Amino acid sequence: MKYVEKVLENLKKQNPNEPEFHQAATEILSTLSPIVEKHPEYEAAGLLERFVEPERVVMFRVPWVDDSGKVHVNKGYRVQFNSAIGPYKGGLRFHPNVNLSIIKFLGLEQILKNSLTGLPIGGGKGGSDFDPKGKSDREVMAFCQSFMTELYRHIGADTDVPAGDIGVGAREIGYLFGQYKRIRDEHVGVLTGRGLTYGGSLVRTEATGYGLIYITEEALKVRSDSFKGKTVVISGSGNVAIYACEKAQSLGAKVVAMYDSDGYIYDAEGIKLDVIKDIKEVKRGRIKEYAERVKTAKYTEGCKGIWTVPCDVALPCATQNEIDEESAKTLVKNGVKYVAEGANMPSTLEAIGVFQKNGIVFLPAKAANAGGVATSALEMAQSSGRMFWSFEEVDAKLKNIMVNIYHNIDSAAKEYGFEGNYVMGANIAGFMKVATAMMAHGIV
Ligand code: NDP
Ligand code: 2IT
């Protein structure tokens with residue numbers, strides 16, 4: 001049996017009941033055969049076995065009290081996956097479906113994504129099954145303070161630097177940072193996505209969505225095409241979706257559909273983003289309200305139908321496995337040409353197969369959504385240098401990073417004989433840097 005197959009089989013045996021982790025590992029390992037064949041020393045050093053095993057997994061109790069005085073207990077996680085190329089770096093997700101499998105899949109992806117940014121950051125991820133939706137600000141604060149009261153001992157500006165992800169935005173980062181600072185008595189860059197008055201970076205809020213559009217724009221440009229006049233469907237209506245929409249619109253695209261976990265809106269006239277921002281960022285409301293406020297829009301209950309909306313460019317920006325094989329086939333049948341993943345692992349393995357078979361330009365998450373963490377690394381650089389760069393400066397660096405990622409994954413795919421296969425390209429380019437560093441460190 002081939003080395004990668006042995007490692008994958010063993011991973012499934014050793015980590016049963018972790019389907020999302022198996023899926024991410026399968027996607028990655030199945031592309032690494034050409035590398036390990038070229039480098040037999042990797043097998044001798046047990047490199048892949050070490051690569052798929054987190055350096056450390058922390059799981060903890062998070063007790064907190066709601067506004068009625070009732071006690072709740074949630075699960076807290078931090079997976080410190082790989083620190084070969086820099087301190088652990090990756091977001092925290094607060095969502096009721098969070099479990100160890102989901103945090104491990106995200107952590108594994110994060111290692112290669114962070115490597116692709118070209119910046120010195122290792123891979124980690126954390127979170128909780130806490131659901132911030134429908135909670136008061138005081139309840140969210142109580143939860144965040146309790147979460148950080150355990151987490152603080154495991155993180156640090158040069159050790160592990162968490163940030164946001166689903167359910168963790170500016171409000172949560174503020175409460176988490178406040179509690180860290182209080183316990184440690186240190187004002188340091190231990191979290192990214194901080195507010196602009198306490199060490200945050202301009203552009204971090206917009207970075208993942210803007211970065212997604214910058215890399216897609218580059219993929220269009222090398223094909224003598226552009227966003228101008230393109231019809232775009234974006235799933236989700238959170239941080240990544242909103243700023244992907246903003247940048248795509250500014251480049252002349254027409255975004256016609258978005259969703260939240262209840263249902264989707266279709267607006268043939270093009271989404272009015274100020275209305276979405278008001279509903280989502282200001283009022284923390286539901287996307288259904290859009291159709292009540294904008295007469296050209298139609299709301300449909302349930303998310304999956306969004307992929308039946310014909311488009312040139314599909315940007316899944318909500319959550320894992322939101323595009324299955326059937327949805328991928330529908331997108332292809334309706335003429336989609338580009339799929340770029342803003343969310344982490346939004347396409348199932350079968351859906352990726354459909355896109356690749358049909359010659360769709362498919363930009364996988366670890367490349368396409370790397371702009372968020374890349375800008376987090378720029379925030380870290382500003383923190384340690386006690387600097388504050390202008391919007392234009394950070395935005396230019398972000399754009400440059402995304403354009404470079406596109407060309408790196410394109411060249412890696414070509415070099416190994418898989419031209420146009422950006423899943424191969426991203427995994428190979430991301431892995432080589434981590435593998436070289438791990439080999440240099442010996443068996444650790
Ligand atoms: P937000 O919490 O801001 O928004 C998430 C959006 O996705 C909401 O519209 C939410 O709907 C929807 N959503 C979440 N879970 C589900 C679900 N199970 N089913 C249907 N809809 C769902 O998160 P972000 O925008 O930050 O993150 C979106 C994706 O992008 C995630 O996959 C994340 O890992 C990834 N990502 C985020 C980065 C960042 O910097 N924030 C960086 C790189 C990747 P509702 O409000 O109804 O729950
Ligand atoms: O998935 C991701 O890359 C993020 N949620 C952002 C991580 C970060 O550290 O900025």
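Position 1 is the first residue of the sequence, and the numbers go up from there. The structure presented is a predicted model; accordingly, all values stated were derived computationally and were not measured.
With hydrogens and angles disregarded, no donor-acceptor distance shorter than 3.5 Å links the side chain of Tyr266 to the backbone of Met258. Judged by distance alone, the side chain of Lys104 and the main-chain N or O of Val79 form no donor-acceptor pair under 3.5 Å. Side-chain atoms of Asn82 do not come within 3.5 Å of backbone N or O of Ile111 as any donor-acceptor pair. The closest donor-acceptor contact from the side chain of Gln80 to the backbone of His154 lies under 3.5 Å. A donor-acceptor distance shorter than 3.5 angstrom exists from the side chain of Glu341 to the backbone of Ala365, with no hydrogens or angles considered. With hydrogens and angles disregarded, a donor-acceptor distance shorter than 3.5 Å links the side chain of Arg50 to the backbone of Val444. Tyr416 contributes no side-chain N or O that, together with a main-chain N or O of Ala413, makes up a donor-acceptor pair within less than 3.5 Å. Looking only at distances, no side-chain donor or acceptor of Asn334 sits under 3.5 Å from a matching main-chain atom of Val309. In this structure, Arg194 contributes its side chain and Gly199 its backbone to a donor-acceptor pair below 3.5 Å. Here the side chain of Glu322 pairs a donor or acceptor atom with the backbone of Thr319 at under 3.5 angstrom.
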request  = Please step through side-chain hydrogen bond (donor to acceptor under 3.5 Å, both in side chains) for the pair Ser376 and Arg204, ending with a clear verdict.
outcome  = CA-CA 7 Å; Ser376 279; Arg204 179 62 190 87; 2.9 Å; yes

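Within the 4.5 Å cutoff, no side-chain heavy atoms of Tyr243 are placed close to those of Cys245. Considering only heavy atoms from C-beta on, Lys133 comes within 4.5 Å of Arg286 through its side chain.
Just one of Thr216, Asp225, Asp312 meets the side chain to side chain donor-acceptor pair (under 3.5 Å) condition when paired with Lys230; it is Asp225. If you run side chain to side chain donor-acceptor pair (under 3.5 Å) between Asp395 and each of Trp389, Tyr210, Tyr214, only Tyr214 comes through.
Between Phe431 and Tyr42, the ring-plane angle classifies as perpendicular under the 30° and 60° cut-offs.
Taking the centre of each ring, Phe94 and Phe143 come in below the 6.0 Å mark.
Remark: Lys181 is not positioned above the aromatic ring of Tyr152, lacking an NZ or CZ atom under 6.0 angstrom from the ring centre and at most 45 degrees off the axis.
For Asp262, the CG atom sits in a packed shell: over 12 heavy atoms of surrounding residues, nucleotides or ligands are nearer than 6.0 Å.
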Side-chain polar contacts of residues 350-361 - donor-acceptor pairs under 3.5 angstrom, sequence neighbours left out - could you list them?
unit_1, atom_1, unit_2, atom_2, d
Glu350, OE1, Thr348, OG1, 3.4
Gln356, NE2, Asn421, OD1, 3.1
Asn358, ND2, Val354, O, 2.8

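Between Arg171 and Asp137 a salt bridge is recorded (basic side-chain N to carboxylate O distance below 4.0 Å).
For the pair Ile215 and Met402, the tightest heavy-atom approach, listed with the atom from each and the gap, is CG1-O, 3.8 Å. The two residues Gln249 and Ile271 have their closest heavy-atom pair at NE2-O, 2.8 Å.
Judged by distance alone, the side chains of Lys366 and Asn344 never bring a donor and an acceptor atom under 3.5 Å apart.
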